[in-house]
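Notes follow once the structure below has been shown.
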Amino acid sequence: MEQADLELIRRARHGDPQAIETIVRNYQSFVYRTAYGILQNAADAEDATQEAFIRAFRSLGRLREDRTFPTWLARIAVRISLDMVQAKARRAQDPTEEIHGSVAGGEDAASLRIDLERALAKLSPEHRTVIVLRAFHGLEYDEIAEVLDIPIGTVRSRLHHARMQLRMHLSGERGDS
Amino acid sequence: MQSCEFVEPMLSAYLDGELAKDDRDCVEAHLEVCARCQRLVDALRADDHALASWARTLAAPADMPMRVLNALGLSRQEVQSRRLAYVYFASLAVGVALVLAAVSLPAASLAAILFHFALAIIRALFALPWSVHAEWLVVLGALCLVILVLSLTFLRRALHWTRSEVVWR
């Protein structure tokens, strides 16, 4: 993290609205994409994003190392999203309900996105989470381990199984070999 | 050469550059002769690219910072109304301090004289309507009082509306 980012976190800790606004702008895509990847639903992802920031700023005083803010925020976003997945599972909602919404970028891109969403939705929340952290954000294995609070070896095997299952589902969707 | 069953669990880490040199060499040697595993690696790589491209199209709502600030009670309206409250309470504190100072300091006797003087003027003003048989002044005064109370009530509501209003920038 750069010095300017650390200064923003210090100001946000003292309740500076400008600093909070800037931090949200800087990290909102990261948090929203994480939440969307896990929840597979735009409305829920928006709620999770907002909740993650609120929780983060309210407990910013407990963050010991400001440099770990991105990892810490990711951990909060993942935890909130997984909690929402569990709550949704209890309501037995169809995870693919939003897939047929408007999609920009032509028919092929739309079709590919629908296939990806369907395949991703078939994975377990834990597998979706590692896929999102790695493929969406390009986090390294040690960073994923820190966010999920699991050993690196578990990250490696979980990512392997997640990718293989995703490939299997995508082959089923697209008729690949 | 190692079998596909041995190599396959390493392909994901191979793609991510997370294998030790020995394991990487082992995988690469296998991929050179195994078209099936090579196709699998290519497909996994394509899946990653497709996921990353898709992720880039996902964007949080533009008003997310304002939503968070509102939820934290740090929107401009909240801050302004809080500052207004600070000014009010500061004025109140200064007023109370002045009264206490006036009572406790030697100059309190002067304040007492001024108070009795003001009281006499107020009594005279109240007695004036009856002395000149102009009760309408009392009615006018009561009306002014009602208008004052109403205006204060509306001012309070206006401040409340300002605080709860959400302005999207």
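Chain letters run A, B, ... following the sequence lines, proteins first, then strands; residues in each count from 1.
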Answer yes if [X] and [Y] sit in the same cluster of Ile, Leu, Val, Met, Phe, Trp and Tyr residues linked by side chain heavy atoms under 4.5 Å apart, and no otherwise.
{"X": "B/L40", "Y": "A/L159", "result": "no"}
{"X": "A/Y27", "Y": "A/L39", "result": "yes"}
{"X": "A/F30", "Y": "A/L8", "result": "yes"}
{"X": "A/V78", "Y": "A/I152", "result": "yes"}
{"X": "B/L114", "Y": "B/L98", "result": "no"}

[X] side chain near [Y] side chain, heavy-atom distance below 4.5 Å:
{"X": "A/H160", "Y": "B/L11", "value": "no"}
{"X": "A/R156", "Y": "B/M10", "value": "yes"}
{"X": "B/W54", "Y": "A/E117", "value": "yes"}
{"X": "B/L44", "Y": "A/M164", "value": "yes"}

**OP:** Test A/T49 against B/V68 for side-chain contact (heavy atoms from CB on, under 4.5 Å), laying out the working first.
**Re:** CA-CA 9 Å; A/T49 303; B/V68 173; over 6 Å; no
How close do [X] and [Y] get, counting heavy atoms only, and between which atoms?
{"X": "B/P65", "Y": "A/E21", "value": "CB-CG, 3.7 Å"}
{"X": "B/L58", "Y": "A/F136", "value": "CD1-CE2, 4.0 Å"}
{"X": "A/Q28", "Y": "B/P61", "value": "OE1-O, 3.8 Å"}
{"X": "A/Y32", "Y": "B/A59", "value": "CE2-O, 3.4 Å"}
{"X": "B/A71", "Y": "A/I54", "value": "CB-CD1, 3.2 Å"}
{"X": "B/R56", "Y": "A/R33", "value": "O-NH2, 3.3 Å"}

**OP:** Examine whether an atom of B/A62 lies under 4.5 Å from a heavy atom of chain A, and if so say whether it belongs to the side chain, the backbone or both; otherwise answer neither.
**Re:** backbone
Contact part of [X] toward chain B, heavy-atom cut-off under 4.5 Å: side chain, backbone, both or neither?
{"X": "A/I131", "result": "side chain"}
{"X": "A/L120", "result": "side chain"}
{"X": "A/F57", "result": "side chain"}

**OP:** Apply the test salt bridge (charged side-chain N to carboxylate O under 4.0 Å, His left out) to residues A/R163 and B/D47: give CA-CA distance (whole Å), side-chain angles for both, the deciding distance (0.1 Å), then the verdict.
**Re:** CA-CA 8 Å; A/R163 274 175 167 149; B/D47 291 347; over 6 Å; no
Subject >> Close approach to chain A in residues 12-22 of chain B, criterion heavy atom under 4.5 Å >> reply: B/S12, B/A13, B/D16, B/E18, B/L19
**OP:** Could you walk me through whether B/L72 and A/R58 pass side-chain contact (heavy atoms from CB on, under 4.5 Å), step by step?
**Re:** CA-CA 8 Å; B/L72 290 170; A/R58 282 196 176 139; 3.9 Å; yes
